[in-house]
Amino acid sequence: MAKKINKDCKKEDHGGSYKQAFIERRIQTLLENHKSDAGLEELKKELDAARYEVFCLKVSQLISPQHLDMSIVFEFLPNLTFLTLTYGAKHVGMEYERPLFGMKMSDAKTFSSCLPQTQSLTYLSLPGNLIDDDLISILIKGLMLNKTITQLDLSHNKISNSGARKIAKYVLQTKILTHLNLGDNMI
Amino acid sequence: MAQALKVNKSLISLNLKLNRLDDKAGSKLCIDLLNNHSELQEVSLSSNLLSNMFCESLAEFLRVNKSIKKLDISCNFIDESNAATLKDSLEFNENIIEIDVRKNQFQPETEAEINEIVTRNYLKSKNIPYKKIGPQLKSKVIGGPDEDTDNVNATANAQANAASNANAQAATQKSEASSPTKIKDD
């Protein structure tokens with residue numbers, strides 16, 4: 001595992017520290033390749049060990065169709081500031097299956113329920129999650145209660161006009177959001 | 001969506017590219033932003049379905065707005081008919097220092113003029129005096145006059161670079177405090 005971990009890794013992306021880069025990359029790969037709930041205890045141990053060291057996570061895939069419960073990430077990593085998360089699998093080849101991709105209703109619900117409690121999350125990016133109007137309404141409920149997010153990126157999704165209206169409601173009441181990216185949607 | 005922006009004050013960057021915003025939505029956005037004194041600095045409406053009507057309201061909006069610095073309206077369907085009003089507004093509003101109008105239905109000359117106006121604004125914002133680059137120097141900087149679509153931007157950038165180099169040079173030499181006009185020196 002360790003030999004692949006440093007591919008395309010720049011310490012500038014991880015607070016200018018090799019230690020942080022290594023830890024964040026390790027957690028990232030663990031989350032991406034987490035297969036089933038059987039390994040959950042081990043994952044929790046790893047997360048606990050890295051508790052105060054993780055600031056920036058870019059999770060570009062979640063390999064199993066039963067997506068990992070993201071609440072443990074928020075629970076174990078209080079310092080998390082930048083989060084990019086894509087539900088989906090990469091390089092599937094012939095094992096392509098439709099359910100591998102996109103956020104599910106249950107994912108959205110757990111994710112949304114985590115949002116009110118974030119302590120330091122300022123940048124949230126959910127690109128390419130097939131988020132539609134129903135999912136966005138669930139997520140917005142969480143975002144409404146969030147007090148830390150200043151940059152929101154919902155690009156490459158399937159949000160249309162009614163979803164945009166829900167986002168508008170959020171934009172209307174938020175006082176801290178500075179960057180909003182809705183690129184590549186269906187508004 | 002636009003109505004929310006009417007009230008919101010915190011947003012400084014809005015990216016709506018690759019969507020399906022049409023004239024109606026675009027104009028509404030402009031009008032509502034007009035009525036709100038927002039702090040928006042960067043707006044991207046690239047790759048939508050915007051055309052003339054939008055261009056008109058955009059021009060109106062830019063006349064009044066003071067905060068917008070970067071504007072991206074590339075890959076839309078805006079054509080010549082309202083280009084003059086847009087140019088007017090850009091001339092009038094010196095806060096806009098970056099614009100992208102590529103892949104619209106403008107004539108190359110209009111595009112060049114728009115870019116020139118904005119480059120002038122940009123240089124002004126950096127306190128660099130504006131000087132039009134001569135044709136022989138232009139070909140020297142970018143290596144040949146026949147380059148395709150990026151030509152205009154390349155010229156603008158080259159000009160900005162040349163001017164800032166000249167400025168730096170002047171600063172180090174501590175020569176006359178007068179404006180650095182000899183770009184050819186280096």
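Residue numbering restarts at 1 for every chain, and letters A, B, ... go by the order of the sequence lines. None of these values were measured; they are calculated from a predicted model.
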Colleague: In this structure, which one of Val171(A), Leu180(A), Thr178(A) forms a side chain to side chain contact (heavy atoms under 4.5 Å, CB included) with Leu14(B)?
Modeller: Leu180(A)

Colleague: Below 4.5 Å, heavy atoms only, C-beta onward: do Ile12(B) and His179(A) meet side chain to side chain?
Modeller: yes

Colleague: Hey, any chance Met105(A) and Ile136(A) share a hydrophobic cluster, counting ILVMFWY side chains that come within less than 4.5 Å of each other, even indirectly?
Modeller: yes

Colleague: Check whether Tyr123(A) and Phe55(A) end up in the same hydrophobic cluster, where Ile, Leu, Val, Met, Phe, Trp and Tyr are linked by side-chain heavy atoms less than 4.5 Å apart.
Modeller: no

Colleague: With a 6.0 Å cut-off (strictly less than), is the heavy-atom count around OH of Tyr96(A), excluding the residue itself, greater than 12?
Modeller: yes

Colleague: Would a hydrophobic clustering, with Ile, Leu, Val, Met, Phe, Trp and Tyr connected at side-chain separations under 4.5 Å, put Leu18(B) with Ile167(A)?
Modeller: no

Colleague: Test your reading of the model: is there a side-chain donor-acceptor pair from Asn185(A) to the backbone of Asn19(B), 3.5 Å cut-off?
Modeller: no

Colleague: Quick check for you: to the nearest 0.5 Å, what is the distance between Leu11(B) atom CG and Lys175(A) atom NZ?
Modeller: 13.5 Å

Colleague: So what's closer than 4.5 Å to chain B heavy atoms on Ile176(A): side chain, backbone, both or neither?
Modeller: backbone

Colleague: How far does CG of Asn181(A) sit from OG of Ser13(B), to the nearest 0.5 angstrom?
Modeller: 7.5 Å

Colleague: Are more than 12 heavy atoms from other residues, nucleotides or ligands located less than 6.0 Å from atom CZ of Phe82(A)?
Modeller: no

Colleague: By a 4.5 Å heavy-atom criterion (distance strictly below it), what part of Thr150(A) contacts chain B: side chain, backbone, both, or neither?
Modeller: neither

